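Counting from 1, the numbers follow the sequence of the chain as shown. Because the structure is predicted, anything quoted here is derived from the model rather than measured.
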Amino acid sequence: MKKYLWFLLPLAACGFQPMYTERDTDIYVAPISGINGIDLRNDLSAKFGGMRDATATYTLTVNLHSPITRYKALEATGDATWQEIVLTADYVLAVDDTEIARGTESASESYTFVRYLVAANASYNNAVQNTIGVLAEKIGARVIAETYRYDSNHDDEK
């Protein structure tokens with residue numbers, strides 16, 4: 001145990017601070033259209049510490065594109081057995097109507113495509129929900145990083 005402590009000592013004075021701390025992120029996530037947009041907005045708001053109103057310091061605007069479904073595996077008969085769902089979202093992070101970050105993120109997940117309608121729908125819906133969760137993680141991490149960068153560049157002005 002003692003031989004590993006030397007590795008942690010340099011981190012004590014380096015100024016390292018974890019991104020996901022008790023820090024208030026004060027980010028308003030604007031409404032996102034569609035059922036998937038509602039789920040994405042809820043996931044993002046949860047990552048940022050809960051729903052905020054439009055008076056928050058930061059405003060995140062997200063445009064979620066329609067899901068794209070691709071065939072991944074075909075049987076000899078030509079029937080699909082695996083499909084992939086891909087979700088893409090463009091986002092803009094702003095402070096007082098000034099854009100500070102912009103980007104595009106994508107996430108995908110494969111799922112089993114079966115002949116039974118109920119099972120096929122359940123498989124598809126689970127894949128969409130999982131993809132929305134991954135997309136929220138990706139966008140959330142980038143947005144939090146940008147708020148840290150913006151705050152550290154503007155701390156001397158406060």
Is any side-chain heavy atom of [Y] closer than 4.5 Å to one of [X]?
| X | Y | result |
| --- | --- | --- |
| Glu84 | Tyr111 | no |
| Val86 | Arg70 | yes |
| Val92 | Asp90 | no |
| Val128 | Asn36 | yes |
| Pro31 | Arg41 | yes |
| Asp151 | Tyr58 | yes |
| Ile27 | Thr57 | no |
| Leu60 | Ile139 | yes |

Cluster link [X] to [Y], ILVMFWY, side chain under 4.5 Å:
| X | Y | result |
| --- | --- | --- |
| Leu93 | Tyr148 | yes |
| Ile100 | Val29 | yes |
| Tyr28 | Tyr150 | no |
| Val143 | Val134 | no |

Between atom [atom1] of [X] and atom [atom2] of [Y], what is the distance when rounded to the nearest 0.5 Å?
| X | Y | atom1 | atom2 | answer |
| --- | --- | --- | --- | --- |
| Gln129 | Glu109 | CD | CD | 10.5 Å |
| Leu87 | Ile68 | CG | CD1 | 8.5 Å |
| Leu135 | Leu64 | CG | CG | 6.5 Å |
| Leu40 | Ile35 | CG | CD1 | 13.5 Å |
| Ile132 | Glu137 | CD1 | CD | 13.5 Å |
| Arg102 | Thr61 | CZ | OG1 | 9.5 Å |

For [Y], is there any backbone N or O sitting under 3.5 Å from a side-chain donor or acceptor partner on [X]?
| X | Y | value |
| --- | --- | --- |
| Lys138 | Ser106 | yes |
| Ser123 | Ala119 | no |
| Thr147 | Ile144 | yes |

Could you pull out the closest heavy-atom pair between [X] and [Y], with the gap in Å?
| X | Y | answer |
| --- | --- | --- |
| Arg52 | Ala56 | CB-CB, 4.0 Å |
| Thr131 | Ala107 | CG2-O, 3.2 Å |
| Leu44 | Ala136 | CD2-O, 3.5 Å |
| Ala101 | Glu146 | CB-CG, 3.5 Å |
| Ala89 | Val62 | CB-CG1, 3.9 Å |

What do you reckon, is CG of Asp53 surrounded by more than 12 foreign heavy atoms closer than 6.0 Å?
yes
Would you sort out whether Tyr124 and Thr69 count as a side chain to side chain contact (heavy atoms under 4.5 Å, CB included), showing the intermediate values?
CA-CA 10 Å; Tyr124 172 82; Thr69 304; 4.0 Å; yes
